[in-house]
Amino acid sequence: MHPHLKPLIELQAVDFRLIGIRERLAQFPKRLAEVEARVTAAKQQVAAAKESLLTGQKERKTYEMDVEQWKERAKKYRGQSGEVKSNEAYKALLHEIQNAEDEIAKAEDRLLERMVSGEEYDRQVKAAEIKVKEIEAVAGKERQTIQAEYNAAQKELTAAEAARAATMKAVPEDLVDHYERIAKRHGGIALAEIRGEGCGQCGVHIRPHVIQQLQRENNEGFFHCETCTRILYYPAPPGHSATSAAATVSAGDPPATPVQGN
Ligand SMILES: [Zn+2]
């Protein structure tokens, strides 16, 4: 293996970790916003229920006044009944009294309706307030969990950044530049291990002599995938100390099998 490949593989492993950590960190504002949105929605429910309750109370007062006014009027008409001179006027007065009685009955019906719906609004306000408390309690725990996870991720980030700085020291500067240029174009992944007979990243077939070259202990050359331009390396067999970082890179893949038919 090329002497600089090992630290590059380690660098790639650290960068993989960094990508994952940064992706997780980027999710935190969204996760927090979701929690806050639930609390806000619950509070809005309370506000809406209170608004309905208040409107109901205002209407109730209006209807109470209506009842009182029509009662006053009916009383006034009845008081006038002794003063009427003609039959016609008496009939008209009776009609007014009847009308006032009807209006009293209507206003009382409306008032009763409002009293019933007022009780319902009152229940809704209380239920919504209980719900807010429940949601607040859950949100409080979620905020703590998210904060703890955020702190942990920040620590991981600091550690990974330190590890990256340390690893970079083992790689010549121009090679780091080369690595980073490729990484930038390919989602942070500049290295590709050989998988079977192909590039482990883009899957294109790699010429056998390149693979043979990469397998050599004393290989001094750098090879790039002709399609995705990533730096190629041959994964060492599992347990090989030199590729502990490479094992992290290709975690989840089956261990490399020896070349068959030789
Ligand atoms: Zn490739």
Side-chain angles (χ1 to χ4, degrees), residues 1-28 30 152-262:
M1 186 183 272
H2 189 285
H4 292 143
L5 253 180
K6 183 180 165 265
L8 268 192
I9 293 167
E10 283 172 8
L11 188 61
Q12 179 72 86
V14 173
D15 281 349
F16 260 107
R17 250 164 65 210
L18 279 166
I19 290 168
I21 296 165
R22 291 200 173 107
E23 271 171 7
R24 261 188 291 144
L25 280 170
Q27 292 298 313
F28 283 104
K30 200 177 145 227
Q154 277 291 355
K155 261 189 194 167
E156 275 183 65
L157 181 71
T158 308
E161 277 171 345
R164 187 178 206 274
T167 309
M168 265 172 63
K169 280 180 192 157
V171 189
E173 215 173 298
D174 56 343
L175 191 53
V176 171
D177 286 348
H178 180 62
Y179 166 93
E180 282 179 341
R181 263 200 304 277
I182 300 172
K184 213 172 182 178
R185 284 203 304 272
H186 298 291
I189 303 163
L191 259 59
E193 64 169 20
I194 300 292
R195 238 175 258 180
E197 292 174 350
C199 167
Q201 288 297 327
C202 75
V204 80
H205 185 261
I206 304 293
R207 282 178 287 167
H209 88 268
V210 172
I211 297 178
Q212 278 168 19
Q213 195 73 24
L214 286 168
Q215 279 175 295
R216 286 200 187 122
E217 282 281 334
N218 60 351
N219 167 49
E220 291 277 322
F222 262 98
F223 295 93
H224 295 80
C225 170
E226 285 174 11
T227 303
C228 71
T229 74
R230 290 189 177 94
I231 301 162
L232 294 169
Y233 70 96
Y234 195 83
H240 197 287
S241 65
T243 53
S244 57
T248 314
V249 172
S250 57
D253 296 321
T257 45
V259 177
Q260 291 166 0
N262 284 350

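Atoms within each ligand, like the ligands themselves, are counted from 1 in listed order.
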- prompt: So which protein N/O/S atoms does the Zn ion (ligand 1) have within less than 2.8 Å?
  reply: Cys199 SG, Cys202 SG, Cys225 SG, Cys228 SG
Validation: residues 156-164 side-chain donor-acceptor distances under 3.5 Å, sequence neighbours left out:
from   : atom 1 : to     : atom 2 : distance (Å)
Glu156 : OE1    : Arg24  : NH2    : 3.0
Glu156 : OE2    : Arg24  : NH1    : 3.3
Thr158 : OG1    : Gln154 : O      : 2.9
Glu161 : OE2    : Arg22  : NH2    : 3.1
Arg164 : NE     : Asp15  : OD1    : 2.6
Arg164 : NH1    : Glu180 : OE2    : 3.1
Arg164 : NH2    : Asp15  : OD2    : 3.1
Arg164 : NH2    : Glu180 : OE2    : 3.0

- prompt: Out of Leu25, Ile19, Ile21, which one pairs with Glu23 under the side-chain contact (heavy atoms from CB on, under 4.5 Å) rule?
  reply: Ile19
query: Taking all atoms of both residues into account, what is the closest heavy-atom pair of Phe223 and Leu214, and its distance?
result: CD1-CD2, 3.7 Å
Ring center gap for His178 and His4 short of 6.0 angstrom: no
Heavy-atom closest pair, residues Pro7 and Thr167: O-CG2, 3.4 Å
- request: Keeping the roles fixed (side chain from His186, backbone from Cys228), state whether a donor-acceptor pair exists under 3.5 Å.
  value: yes
